[in-house]
Every structure is written in C-alpha cells, then in structure tokens.
Amino acid sequence: MDGRMRPYLPELTIRDYNIYQWYLRGVLHQLNVSYGPYSCHLLQHNGVLFALLADSLAGREATCKNVRLPCTLYWKPMMCQTQGIRLAAQVEVLLGWHKLQDRRWDELPFKLRVNRAIDRVMLRRAYEKAVQENPALERLFGQEQAQAIVQMDLNAKNYTVAAEPMSNIYGALYSTLATDDPSQRKSMRYIGSCVGRVFYLLEKAGRVVDDKRAGRYNVYLVNGIDDPEAALENARRQSLAVANDLVRAYGMLDVKLNKSLIDNIMILGLRHAVEPLDAENQPVRWELP
C-alpha cells in the first residue's frame, strides 16, 4: 500500500464515480493554479479524500463546471474551488515534499538521485508557498519527523509505539477536516490515527528487504521478522484489526453529503487496500487516473 485510499470499484455507483472524478480533477486544477503544473504529479489520492471529507462533513455543496485540465487541451467537468479542495492541495504539496525527505541520498540509485534533485528544485517554491498559507500544517510535519527519529534511535519493538509518529500526523490532518464540533473532531482524529497506523505497518512490511540490506531501522526486523511474506502477513493482521476500529469510529460521524461515496472509500476501499477483496474475480475494470 502506497498511502492511497481510493474507492472500491465493484461496489461503486456511476454517480459516485463521477463525483470522485470531478473532485480529483478539482484538486488537480487547484494544484496547477496555486502551485504550478509540476506539483500535479504529487497527487496520491489522499487529497481527493481530504477534499471530499472536508466539504461533506461541513455540508458544503460544490459547483461542477467545465474547466481545461492542467497541461492539456481537454475541457472536463470538475468541482470548483471549495475550502476542502484548497486544503487538500496544501496537504498534497506538503506530503509530497516531506516524502522526498524520507530516504537518505546515499541509499538511492543514481537515477533516483537525479529525479530527487529535480523534484526538490521544481517543488521548492510550491512548498514554501504552502508553508506560508498554512504554517500550522508544516509544524505538524516537523513534529512527526522529530518523533520518528526518536523511535528509530530507541529501536522500538512495540508496533503501536513505532507507528505513533505517522499515526499522530494523520490524526492531526484528519482533525483539521472536521467542523468545530468537538465530538466530530475527536472522531476524525481517531480515524486519521487508524489510517496512519495502517499506512505505517504496510509500508514498513514492504521495505523489510531494503531496510535489512541498508542496516536501517525497521520494526519488523527488530522483532525478528526478516521474511517479506511473514512481515506482510503480520501487517495485514494488525491492519485489519485497526480498520475494524476505524469503522466503529466512522459510524459516529454525521456525513451530510456524498455519504455513499465516502462509505465506499473509508470501509471497502481501505479494506481492499489492506487485503484485496475478491482478488481473483473482479468484473469491474474501470481505471482511476
């Protein structure tokens, strides 16, 4: 799992599919307008869910209109610039920038070093603009990085403790999408914490071999699990338990708009990302860009 939460297509209605596509194009358009065309390739589909949640929890109706897609001559229907879409674009830029800092330069092949250098140069101005617009989000990322360094220095064996930095950052991000209702903010923080923990467990399971070769901290290696399949099975087992907790917290939310679409992503989409549902028999072949 690469940090994306997308709809589970076999259970998605055409109406919800169109809404998702309109929001996807809306976030891409916002990235292009606010941070330049190069920032569009940062979109990892977190932003689409963030925009949907922010607007749907607040009951903000987005207007759909035809706009030219970034870097193309095609005009497509997309959601107009809402508060949720603007926040989603800021989050995508900051997430994309900090993802560039995750691995050390000396661990990358030459080609990836060149790509990393180009990305840093091309995205720096977009990152600085996003920081100026929302400095509170940048402080969250800084705190998460500091916590992650502490966990690596301690060689933490406890999975919950090791996942805490990413769990905290996603909890804080999701809480910003809620309205001023304290109970909604609390539920959204818990949901984000669950999502962050799932991302961490699956990401670390996928990097067991690379981390072992590089002598880098990995919570599975510290617990004596150096087989990729065993690590993935462990991650899936823990992630399914976390996903069940997320569903219980999500059930307490009052989603005013697009509920069936958000239900699909938060329940079926996350479950499918952890462990594919009907992996051998999926009749739907839609493609989400």
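Here, residue 1 is the first one in the sequence, and each next residue gets the next number. This is a predicted model, so every value here is computed, not measured.
A donor-acceptor contact shorter than 3.5 Å is absent between the side chain of D211 and the backbone of R216. Using modelled atom types, no side-chain atom of N258 and backbone atom of S56 make a donor-acceptor pair closer than 3.5 Å. Counting only distance, with no hydrogens or angles, the side chain of Y20 and the backbone of L52 share no donor-acceptor pair below 3.5 Å. Between the side chain of R185 and the main chain of T179, a donor-acceptor pair closer than 3.5 Å is present. Within the 3.5 Å criterion, the main-chain N or O of L69 finds no donor-acceptor partner in the side chain of R25. Formation of a donor-acceptor pair under 3.5 Å by the S175 side chain with backbone atoms of A172 is found in this model. The closest donor-acceptor contact from the side chain of S34 to the backbone of Q30 lies under 3.5 Å. Using a distance-only test at 3.5 Å, with no hydrogens or angles considered, no donor-acceptor pair links the side chain of R60 to the main chain of L257.
Among K129, E133, E92, R125, the one residue that satisfies the side chain to side chain donor-acceptor pair (under 3.5 Å) test with Y35 is E133.
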Show the numbers, then the answer: is there a side-chain contact (heavy atoms from CB on, under 4.5 Å) between L261 and I265?
CA-CA 6 Å; L261 172 56; I265 299 173; 4.1 Å; yes
Before giving the answer on side-chain contact (heavy atoms from CB on, under 4.5 Å), spell out for Y38 and D119 the whole-Å C-alpha distance, their side-chain angles and the decisive distance to 0.1 Å.
CA-CA 9 Å; Y38 197 83; D119 285 342; 2.5 Å; yes
Under the criterion side-chain contact (heavy atoms from CB on, under 4.5 Å), I'd like the reasoning laid out for M78 against L28: C-alpha separation, chi angles, the key distance, then a yes or no.
CA-CA 10 Å; M78 64 180 67; L28 280 172; over 6 Å; no
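Across every non-hydrogen atom of M79 and A62, the tightest pair is SD-CB, 3.6 Å.
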If you look only at distance, which donor and acceptor atoms sit under 3.5 Å apart when one is on a side chain in residues 192-200 and the other is two or more places apart or in another chain?
residue	atom	partner	partner atom	Å
S193	OG	R189	O	2.9
R197	NH2	T160	OG1	3.1

Donor-acceptor pairs under 3.5 Å, side chain of residues 224-235 to any protein atom, not counting sequence neighbours: which ones?
residue	atom	partner	partner atom	Å
D226	OD2	K212	NZ	3.1
D227	OD2	E229	N	3.4
D227	OD2	A230	N	3.0
N234	OD1	Q238	NE2	2.5

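In this structure, the separation between CZ on R120 and CG on L100 is 7.0 Å, given to the nearest 0.5 Å.
In this structure, the side-chain contact (heavy atoms from CB on, under 4.5 Å) partners of R271, at least two apart in sequence or on a different chain, are L240, E275, L277.
The pair R213-D210 meets the salt-bridge criterion, with a side-chain N (NZ, NE, NH1 or NH2) lying under 4.0 Å from an Asp/Glu carboxylate O.
With a 4.5 Å cut-off on side-chain heavy atoms, Y250 and D263 count as touching. Side chains of Q83 and R86 form a contact here, defined as non-hydrogen atoms less than 4.5 Å apart. For the pair L202/S239, a side-chain contact is recorded, criterion being any heavy-atom separation below 4.5 Å from C-beta on. Within the 4.5 Å cutoff, no side-chain heavy atoms of N134 are placed close to those of E138. Annotation: side chain of L253 is in contact with side chain of I191 (closest heavy-atom distance under 4.5 Å). In this structure, the side chains of L57 and D181 stay at 4.5 Å or more apart for every pair of heavy atoms.
Side-chain polar atoms of Q143 and N168 form no donor-acceptor pair below 3.5 angstrom.
Separation of the Y220 and Y159 ring centroids falls under the 6.0 Å cut-off.
Connection of M5 to L177 is established within a shared hydrophobic cluster, with ILVMFWY side chains joined at heavy-atom distances below 4.5 Å, either directly or through further cluster members. Residues V274 and Y170 share a single hydrophobic cluster, defined by chaining ILVMFWY side chains whose heavy atoms lie under 4.5 Å apart.
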